[in-house]
K.L.:
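I am attaching a structure below and will ask some questions about it afterwards.
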There are 2 protein chains.
Amino acid sequence: MKNLAIIEDDEELRGMLYKFLNHQDEFRCTMSVNSIEAFLKELNEENAPDIILSDIGLPGRQGDESIRMIKDKLPNSDVVMLTVHDDAERIFKCLQGGASGYLLKNSPLEEIKHYLSILSIGGSPMSPRIARKVIEYFQPKKKLEKPLSEREYDIVLALVEGLSYKMIADKYDISLDTVRQHIRNVYRKLNVNSKGEVITKKLRGEI
Amino acid sequence: MKNLAIIEDDEELRGMLYKFLNHQDEFRCTMSVNSIEAFLKELNEENAPDIILSDIGLPGRQGDESIRMIKDKLPNSDVVMLTVHDDAERIFKCLQGGASGYLLKNSPLEEIKHYLSILSIGGSPMSPRIARKVIEYFQPKKKLEKPLSEREYDIVLALVEGLSYKMIADKYDISLDTVRQHIRNVYRKLNVNSKGEVITKKLRGEI
DNA sequence: CTTTCAATAGCATTTTAATGCGATGTTATC
DNA sequence: GATAACATCGCATTAAAATGCTATTGAAAG
């Protein structure tokens with residue numbers, strides 16, 4: 001039996017969620033409020049939730065801010081976002097803020113219940129469309145017009161690891177000038193002119 | 001009606017999947033093979049699949065290699081991995097290789113069917129435990145012993161964007177020496193001594 | 001009221017990185 | 001057998017970054 005808090009400013013939806021979820025054996029709704037402020041105010045030892053189902057689009061707040069405020073008070077709770085927004089930026093901000101799941105508001109109540117029960121088996125509830133966005137995040141956005149050679153790629157990886165030119169030369173047993181030459185070529189192919197830009201591109205999956 | 005290919009070396013499991021999924025209205029199994037090699041060999045215009053359900057642990061191959069081989073031939077197909085492995089590294093390699101979904105083998109047949117149908121609505125099938133791993137990827141691994149100040153954080157973000165000290169000074173309307181000072185402090189707090197390391201740490205979620 | 005810390009700034013020095021130019025040998029490809 | 005792409009190396013110069021040291025101001029904490 002998990003304690004559940006619902007934070008949602010749409011009275012109708014909140015009422016429905018409360019009524020439905022509170023009837024389930026797995027959950028007990030100890031809080032049902034319309035804002036983060038109300039949530040933090042009402043919070044006490046008795047009603048401390050294991051799971052917080054929270055709207056993201058609460059007035060005057062960024063969504064990921066809300067999560068941070070909650071996780072700050074309840075670091076071991078699972079915060080599940082409930083939202084109509086499926087844009088990549090919002091999703092990632094929330095995930096970085098510590099959200100344990102991300103559900104779309106158009107999900108049926110039964111499905112929401114099912115998703116929430118996934119938390120108890122160590123999983124993360126995520127609507128399929130959100131999962132798609134997240135997966136796409138990992139995939140290289142576009143093929144390079146000018147692909148890097150193997151050696152050049154080695155050197156990019158070394159840069160990401162924080163190695164200096166000198167250290168790279170030692171690692172691959174080539175001269176410092178050769179490292180310079182390779183890096184020149186990498187810069188030309190990637191159309192950049194600093195180490196930092198190469199690292200950023202690599203870690204963002206653009207290489 | 002989607003064409004489906006099953007690549008799985010466990011004969012029993014493959015048989016079950018084939019029999020079950022081929023009976024569904026949504027799918028037609030046009031291929032059922034036990035290796036990537038067999039798959040690529042049998043592949044032709046007639047049986048070209050929209051969805052490939054593939055084992056990851058095929059003998060002598062890395063899993064993500066398999067995906068790349070498939071996506072190379074069929075870039076518009078959806079490759080869904082079916083595996084017992086839930087370690088982060090494997091998952092991310094497969095996602096980077098172009099997988100559209102990632103399911104655990106212990107899922108019931110009905111659930112696998114349900115997950116696969118998610119593809120047709122533009123979603124990504126992902127077992128909850130996998131989703132958890134993926135979400136955790138985005139979340140800062142550990143709290144910094146020495147947290148960065150706001151200004152320092154601004155400057156870290158600017159470094160990630162590829163700005164030079166001079167550009168950062170202009171951007172925030174402070175002197176070059178102040179930028180230097182902040183960066184010094186960031187290096188001390190993060191225990192590094194180059195721009196590149198800061199960028200890598202930031203993009204890996206360690207800040 | 002002192003101590004601490006963030007933010008600002010300056011100056012000097014050394015190290016590293018970025019770039020221009022030229023060069024040789026290998027391996028594919030046409 | 002020319003052409004192109006890759007990998008290697010050298011030298012020189014300029015630009016940027018890293019670091020050592022010092023110092024002022026304001027705000028928060030004790």
Side-chain angles (χ1 to χ4, degrees), chain A residues 40 65 68-69 72-73 140 142-204 206-207, chain B residues 68 72 140 142-204 206-207:
Chain A
L40 294 174
E65 284 180 54
R68 285 175 214 276
M69 290 167 77
D72 204 47
K73 286 281 179 191
K142 53 196 167 194
K143 296 245 184 293
L144 283 180
E145 22 0 286
K146 303 276 182 187
L148 301 186
S149 72
E150 277 191 38
R151 199 42 136 193
E152 285 159 1
Y153 196 76
D154 287 341
I155 285 175
V156 167
L157 295 181
L159 290 180
V160 171
E161 291 313 310
L163 277 59
S164 68
Y165 288 13
K166 174 90 182 63
M167 292 161 88
I168 295 173
D170 288 349
K171 178 179 168 91
Y172 293 109
D173 201 30
I174 55 181
S175 85
L176 188 56
D177 279 306
T178 301
V179 176
R180 288 198 179 106
Q181 187 58 51
H182 285 309
I183 284 176
R184 247 182 286 227
N185 293 333
V186 170
Y187 286 4
R188 179 176 43 75
K189 287 180 177 180
L190 299 182
N191 204 28
V192 301
N193 59 349
S194 75
K195 242 180 26 165
E197 290 169 280
V198 173
I199 295 172
T200 297
K201 273 189 188 277
K202 177 67 185 71
L203 291 179
R204 285 186 173 165
E206 293 169 26
I207 301 181
Chain B
R68 286 176 214 276
D72 203 48
K142 52 197 169 194
K143 296 244 184 291
L144 284 179
E145 25 357 290
K146 302 278 183 187
L148 300 186
S149 71
E150 277 192 38
R151 199 41 136 196
E152 286 160 359
Y153 197 76
D154 288 341
I155 285 176
V156 168
L157 295 181
L159 290 180
V160 170
E161 291 312 309
L163 277 58
S164 68
Y165 288 14
K166 173 89 183 65
M167 291 160 88
I168 295 173
D170 288 350
K171 178 180 168 90
Y172 293 110
D173 202 31
I174 55 182
S175 85
L176 188 56
D177 279 306
T178 300
V179 175
R180 288 198 180 106
Q181 187 56 52
H182 285 308
I183 284 176
R184 246 182 287 229
N185 292 334
V186 170
Y187 284 4
R188 180 177 41 77
K189 288 180 177 179
L190 300 183
N191 203 28
V192 300
N193 59 348
S194 75
K195 242 178 29 164
E197 291 168 280
V198 173
I199 295 172
T200 296
K201 274 189 189 272
K202 177 67 184 71
L203 292 178
R204 285 186 171 163
E206 293 170 25
I207 303 181

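What you see below is based on every heavy atom in this structure, not just the backbone, and it leaves out hydrogens, waters and symmetry mates. Throughout, a chain's letter reflects where its sequence line sits, starting with A, and its residues are numbered from 1.
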K.L.:
Output yes when a side-chain donor or acceptor of Y165(B) lies under 3.5 Å from a complementary backbone atom of D177(B), and no otherwise.
P.N.:
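Flag not set: sc Y165(B) to bb D177(B) has no pair under 3.5 Å.
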K.L.:
Quick one: OG on S175(A) to CD on Q181(A), what's the gap to the nearest 0.5 Å?
P.N.:
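With rounding to 0.5 Å, OG (S175(A)) is 10.0 Å from CD (Q181(A)).
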K.L.:
What is the separation between atom CD on E150(B) and atom P on dC5(C), rounded to the nearest whole Å?
P.N.:
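Answer to the nearest Å: 18 Å.
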K.L.:
Assign each of S164(A) and R184(A) to its nearest nucleotide of DNA chain C by heavy atoms, then name whichever residue's nucleotide is nearer the 5' end.
P.N.:
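Nearest-nucleotide comparison on DNA chain C picks S164(A).
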K.L.:
Nearest-Å distance, CD1 (I183(B)) to P (dT8(C))?
P.N.:
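It works out to 13 Å between those atoms.
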K.L.:
Where does the chain A footprint on DNA chain D start and end, counting 5' to 3' with a 4.0 Å heavy-atom cut-off?
P.N.:
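On DNA chain D, the outermost contacted nucleotides are dC6(D) to dC11(D).
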K.L.:
If you round to the nearest 0.5 Å, how far is CD1 of I155(A) from CG of N185(A)?
P.N.:
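These two atoms lie 9.5 Å from each other.
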K.L.:
Could you give the CG-to-P distance, from L159(A) to dT16(C), as a whole number of Å?
P.N.:
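The distance from CG of L159(A) to P of dT16(C) comes to 15 Å, rounded to the nearest Å.
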K.L.:
Given E152(B), which partner from the list K189(B), K202(B), R188(B) fulfils the salt bridge (Lys or Arg N to Asp or Glu O under 4.0 Å) test?
P.N.:
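Only one option passes, and that is K189(B).
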K.L.:
Give me the distances for all protein-to-nucleotides 24-30 of chain C N/O pairs that come in under 3.5 Å?
P.N.:
none

K.L.:
Specify the closest pair of heavy atoms between T200(A) and V160(B), including all atoms of both residues, with the distance to one decimal.
P.N.:
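Taking every non-hydrogen atom into account, OG1-O, 2.7 Å.
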K.L.:
Start with the C-alpha gap between K195(B) and Y187(B), add the side-chain angles, then the distance that decides, and say whether side chain to side chain contact (heavy atoms under 4.5 Å, CB included) holds.
P.N.:
CA-CA 9 Å; K195(B) 242 178 29 164; Y187(B) 284 4; 4.0 Å; yes
K.L.:
Starting at OH of Y187(B) and ending at P of dT15(C), how long is that distance when rounded to a whole Å?
P.N.:
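Interatomic distance, OH of Y187(B) to P of dT15(C): 17 Å.
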K.L.:
Contact class for R151(A) (heavy atom, under 4.0 Å): base, sugar-phosphate, or nothing?
P.N.:
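Sugar-phosphate, backbone atoms only, no base.
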K.L.:
Within residues 165-181 of chain A, find the residues that approach DNA chain D with a heavy atom at under 4.0 Å, and present them sorted by residue number.
P.N.:
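Correct list: I174(A), S175(A), D177(A), T178(A), Q181(A).
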K.L.:
To check you understand the geometry: which heavy-atom pair defines the closest contact between S194(B) and G162(A), and what is its length?
P.N.:
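For S194(B) versus G162(A), the nearest heavy atoms are OG-O, 4.4 Å.
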